[in-house]
Amino acid sequence: MPDVIEPAPTGRAKCRGCGRGIQKGELRFGESLPNPYAEGEALYWFHLVCAACMRPEKALPAFEGSATPLENAEWLRRTAKAGIEFRRLPRLLRVERASSGRAHCRQCRELIEKGAFRFVLQMFEEGRMSPIGTIHVACSEAYFGTKDVMDRLEHLSPETSAEDLA
């Protein structure tokens, strides 16, 4: 079964990347993977933005071969290509304020102060996203290999205001 891009027939599916619901009629990316519970394959659904950011190696061929016109198609392709080029970039989930001062940065190993902005990381393993920690905002360029992450964060963290991201 190939990977697909199609409109959601109902609003019941949740994105495997961000965990939020995929609205009825919204275009979604279905990644075909071996079914862990039975023979054959299963489709794992993602928002198009989440697929471009978190599953770029599978999403890029689907974006380029899609017969369906995609909203923000150039942004989706560019984002997926950057995720393939910088191998740690697809781990970025969102930006948030640290709720305590106990978390350590995966890059510098220093504590992240309570209330400071941090990047939350996750990794796709065995058909699901698994949390792997956080990093300081200042450590992001060293960790990801690029400083161009703000455009992704605007899409991945819609609840964070533009002033906070600046």
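Note that this is a predicted model, so its numbers are computed, not measured. Note that the numbering runs from 1 along the sequence shown for the chain.
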Check whether more than 12 heavy atoms from other residues, nucleotides or ligands sit under 6.0 Å from atom CD of Glu125, and answer yes or no.
yes
I'd like to know whether Glu31 forms a side-chain contact (heavy atoms from CB on, under 4.5 Å) with Phe124, so could you lay out the CA-CA distance, the side-chain angles of the two residues, the decisive distance to 0.1 Å, and finally the verdict.
CA-CA 12 Å; Glu31 180 179 3; Phe124 194 76; 4.3 Å; yes
What distance do His104 atom NE2 and Arg109 atom CZ have between them, rounded to the nearest 0.5 Å?
10.0 Å
Consider salt bridge (charged side-chain N to carboxylate O under 4.0 Å, His left out). Of Lys58, Arg28, Arg55, which one does Asp3 pass it with?
Lys58
Euclidean distance, Cys50 SG relative to Arg20 CZ, rounded to 0.5 Å:
6.0 Å
Audit row: Glu6, Leu27, side-chain contact (heavy atoms from CB on, under 4.5 Å) steps and yes/no:
CA-CA 5 Å; Glu6 65 179 30; Leu27 285 178; 5.7 Å; no
Do you know which two heavy atoms are closest between Ser140 and Val137, and how far apart they sit?
OG-O, 2.9 Å
Just by distance, do the side chain of Gln122 and the backbone of Met54 share a donor-acceptor pair under 3.5 Å?
no
Should we say atom CD of Glu113 is surrounded by more than 12 heavy atoms from elsewhere, each under 6.0 Å from it?
no
Given side chains that start at C-beta, do those of Arg118 and Ser99 come closer than 4.5 Å, heavy atoms only?
yes
Does CD in Gln23 sit with more than 12 non-hydrogen atoms of other residues, nucleotides or ligands closer than 6.0 Å?
no
List the steps, then state whether side-chain contact (heavy atoms from CB on, under 4.5 Å) holds for Ile22 with Lys14.
CA-CA 6 Å; Ile22 300 173; Lys14 288 195 177 185; over 6 Å; no
To check you understand the geometry: which heavy-atom pair defines the closest contact between Pro56 and Pro61, and what is its length?
O-CD, 4.4 Å
Show me the donor-acceptor pairs, under 3.5 Å and distance only, between side chains in residues 34-49 and residues at least two apart or in other chains.
unit_1 : atom_1 : unit_2 : atom_2 : d
Asn35  : OD1    : Tyr37  : N      : 2.9
Glu41  : OE1    : Met1   : N      : 3.0
Glu41  : OE1    : Ser32  : OG     : 2.6
His47  : NE2    : Gly21  : O      : 3.0

Main-chain N/O of Phe144 paired to Arg88 side chain as donor or acceptor, under 3.5 Å
no
I'd like to know if the side chain of His136 and the backbone of Phe117 have a donor-acceptor N/O pair within less than 3.5 Å.
no
Any sub-3.5 Å donor-acceptor pair from Arg106's side-chain atoms to Ile132's backbone N or O?
yes
Between Val120 and Val95, is there a side-chain heavy-atom distance shorter than 4.5 Å?
no
Exercise answer: donor-acceptor pairs, residues 66-78 side-chain atoms, under 3.5 Å, sequence neighbours excluded:
unit_1 : atom_1 : unit_2 : atom_2 : d
Ser66  : OG     : Thr68  : N      : 3.2
Ser66  : OG     : Thr68  : O      : 3.0
Trp75  : NE1    : Asp151 : OD2    : 2.3

To the nearest 0.5 Å, what is the distance between SG on Cys15 and CD on Glu26?
9.0 Å
Kindly compute the distance separating SG (Cys108) from CD (Glu110), expressed to the nearest 0.5 Å.
5.0 Å
The single option from Val149, Leu156, Ile112 that satisfies side-chain contact (heavy atoms from CB on, under 4.5 Å) with Phe119 is Val149
Between Thr146 and Leu89, is the side-chain contact (heavy atoms from CB on, under 4.5 Å) condition met? List the steps.
CA-CA 8 Å; Thr146 180; Leu89 205 47; 4.1 Å; yes
What distance separates Phe86 CZ from Lys147 NZ, expressed to the nearest 0.5 Å?
11.5 Å
Answer whether the closest heavy-atom distance between the side chains of Tyr143 and Glu141 falls below 4.5 Å.
no
In Å and rounded to the nearest 0.5 Å, what is the SG to CG distance from Cys53 to Leu92?
7.5 Å
